[in-house]
Number of protein chains: 2
Amino acid sequence: MKKVPSRSRAGVRAATVNGGQTMFSLLHAAHAIEKRLEDALEKVGLSNAKFGALTHLVEAGEPLSLSECAARMTCVRSNITQLIDRLEADGLVRRVDDPADRRGVRAMLTPLGIERQVAGAKQVDQVQKEVARTLAGVDPATLTRALAAFG
Amino acid sequence: MKKVPSRSRAGVRAATVNGGQTMFSLLHAAHAIEKRLEDALEKVGLSNAKFGALTHLVEAGEPLSLSECAARMTCVRSNITQLIDRLEADGLVRRVDDPADRRGVRAMLTPLGIERQVAGAKQVDQVQKEVARTLAGVDPATLTRALAAFG
DNA sequence: CCGGTATAGTTCATATATGAAGAAAGTACC
DNA sequence: GGTACTTTCTTCATATATGAACTATACCGG
């Protein structure tokens, strides 16, 4: 299975000839972390996108409409249509009718989907701990507060 | 041809239910910054990927082989094949034969390509300054040093 | 009830990315 | 020189993402 990028890694890495070190360090580090997450999740047969969708469904505790999924994952609905297609093909979610709105479709986790999310979460936790170790020396509170300003 | 993403934004944003705040703040901030770069570059008709390629060519000061481009942009060659296709369609670069190796193709900037890179760099610089302002309160040296540990 | 408008999901075109497989050209070694 | 490996670039299949256009349904005012 292939990869996908998000907002072009290549472009971001190049940037201006000098200055702006901090911004580019941050972007570069973020891509490296995403790569680690990708590698970790691959061990349990998930991609970052798939794990994200499963996690939102687990956290919701009930089937979510595809629009709601899109809102929570901050992406457009057509993306969710395709992601749910792939998750359905993997047997991790099922589309179910929304009894209250005939236009609506809800994504419902299958037992396998739940298992897979749990396995993914363990992988992600490990990466998270590694990252925390790497960031030792930077005050987490200060950093998180500053980063939160980006929305 | 269908799309492509990079390292799934959606997946990364969800993550574990609690803890790991710092890592996710960092990833979230990185995506927000990339979005700003995207919006800024769009004003001059560039994407992050295109600006990145142009910038590497400008910095090199001479035509680069596509393999060299791929190495500098940390991506696979097939990606560069397509990116150069699009840049060529935009009139920003030209493929030229490598006189020393008949297998090789070099990407050469056109005058328009150079202009566009300069315009893009101005946009990027502005975003960089905004970001620096937002990160006021975090010691840039400490942060950059910690982030550098991610490779 | 009707017409207009808003919302839900899908479909299509396109950009960005990966990786496998192929063709053409270079290199090494007998 | 010929055979075998390597490198270069392209092509194809696929994953992820966006946005525009389309269909079906919902809702609102009269």
Side-chain angles (χ1 to χ4, degrees), chain A residues 1-13 31 34-35 37-39 41-42 45-53 63-71 73-90 95-107, chain B residues 1-14 31 34-35 37-39 41-42 45-53 64-71 73-90 95-107:
Chain A
M1 178 182 321
K2 285 30 185 8
K3 292 4 198 27
V4 168
S6 166
R7 302 212 138 97
S8 166
R9 283 162 54 223
V12 161
R13 290 212 180 124
H31 290 303
E34 283 179 10
K35 179 78 169 64
L37 287 169
E38 222 169 65
D39 293 346
L41 286 171
E42 198 172 41
L46 291 175
S47 62
N48 287 349
K50 287 178 180 178
F51 174 67
L64 292 177
S65 74
L66 302 203
S67 288
E68 186 55 32
C69 289
M73 301 179 64
T74 331
C75 69
V76 299
R77 278 173 318 190
S78 57
N79 193 14
I80 296 298
T81 295
Q82 300 175 86
L83 183 54
I84 297 296
D85 283 350
R86 289 187 295 271
L87 286 168
E88 216 170 15
D90 291 346
R95 276 180 169 85
V96 295
D97 289 339
D98 183 337
D101 185 342
R102 260 185 298 175
R103 295 168 304 181
V105 180
R106 315 290 217 71
Chain B
M1 173 182 323
K2 264 17 200 358
K3 23 316 190 30
V4 169
S6 151
R7 311 223 125 94
S8 166
R9 283 164 52 225
V12 161
R13 289 212 180 124
H31 290 303
E34 283 178 12
K35 180 78 169 66
L37 287 169
E38 225 169 62
D39 294 345
L41 286 170
E42 197 171 44
L46 291 175
S47 62
N48 288 350
K50 287 177 180 178
F51 174 69
L64 292 177
S65 74
L66 302 203
S67 288
E68 186 55 32
C69 288
M73 301 179 64
T74 330
C75 68
V76 299
R77 275 170 319 187
S78 56
N79 193 16
I80 297 298
T81 295
Q82 300 175 83
L83 183 54
I84 297 297
D85 285 349
R86 289 187 295 269
L87 286 168
E88 216 170 15
D90 291 346
R95 275 180 169 86
V96 295
D97 288 341
D98 183 336
D101 185 339
R102 260 184 296 176
R103 294 168 306 182
V105 181
R106 313 291 218 70

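As the structure is a prediction and not an experimental result, all values here were calculated from the model. Convention: sequence-line order gives letters A, B, ...; per-chain numbering from 1.
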Polar atoms only, N or O, under 3.5 Å: list the protein pairs with nucleotides 21-29 of chain C and their distances.
from, atom 1, to, atom 2, distance (Å)
dG26(C), OP1, R102(B), N, 3.0

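- With salt bridges taken as basic N to acidic carboxylate O contacts below 4.0 Å, one links D39(B) and K35(B).
- With rounding to the nearest 0.5 Å, the separation of CD1 in I80(A) from CE in M73(A) is 4.5 Å.
- The distance from atom CD of E88(A) to atom P of dG9(C) is 13 Å, rounded to the nearest whole Å.
- With sequence neighbours left out, the side chain to side chain contact (heavy atoms under 4.5 Å, CB included) criterion links S78(A) to V76(A).
- What separates CG of D97(B) from P of dT8(D) is a distance of 16 Å, to the nearest Å.
- Counting to the nearest Å, the C1' atom of dT8(D) and the CZ atom of R106(B) are 13 Å from each other.
- Ion pairing of D97(B) with R103(B) is absent here, as no side-chain N (NZ or NE/NH1/NH2) approaches a carboxylate O to less than 4.0 Å.
- DNA chain C is contacted by both G104(A) and S78(A); G104(A) maps to the nucleotide lying nearer its 5′ end (nearest heavy atom per residue).
- Distance check, rounded to the nearest 0.5 Å: CG of N79(B) to OG1 of T74(B) gives 11.0 Å.
- Between R106(A) and D101(A) no salt bridge is recorded (no basic side-chain N to carboxylate O distance below 4.0 Å).
- E42(B) places its CD atom 11 Å from the C1' atom of dG19(D), with the value rounded to the nearest Å.
- Atoms CG (N79(A)) and P (dT10(C)) sit 12 Å apart, rounded to a whole Å.
- Dashed line: the shortest gap from a side-chain N or O of S65(B) to OP1 or OP2 of dT8(D) is not under 4.0 Å.
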Worksheet entry | Candidate pair D98(B) and R102(B), rule salt bridge (charged side-chain N to carboxylate O under 4.0 Å, His left out), full reasoning | CA-CA 6 Å; D98(B) 183 336; R102(B) 260 184 296 176; over 6 Å; no

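- Atom CD in Q82(B) sits roughly 12 Å away from atom C1' in dG19(C) (whole-Å rounding).
- Heavy atoms of V105(B) sit under 4.0 angstrom from primed sugar atoms or phosphate atoms, though from no base atom.
- If you take NZ of K50(B) and P of dA17(C), they are 11 Å apart, rounded to a whole angstrom.
- In terms of phosphate contacts, T81(A) brings no side-chain nitrogen or oxygen within less than 4.0 Å of OP1 or OP2 of dT11(C).
- Per the geometry, CG belonging to L83(A) stands 17 Å off P belonging to dT14(D), to the nearest Å.
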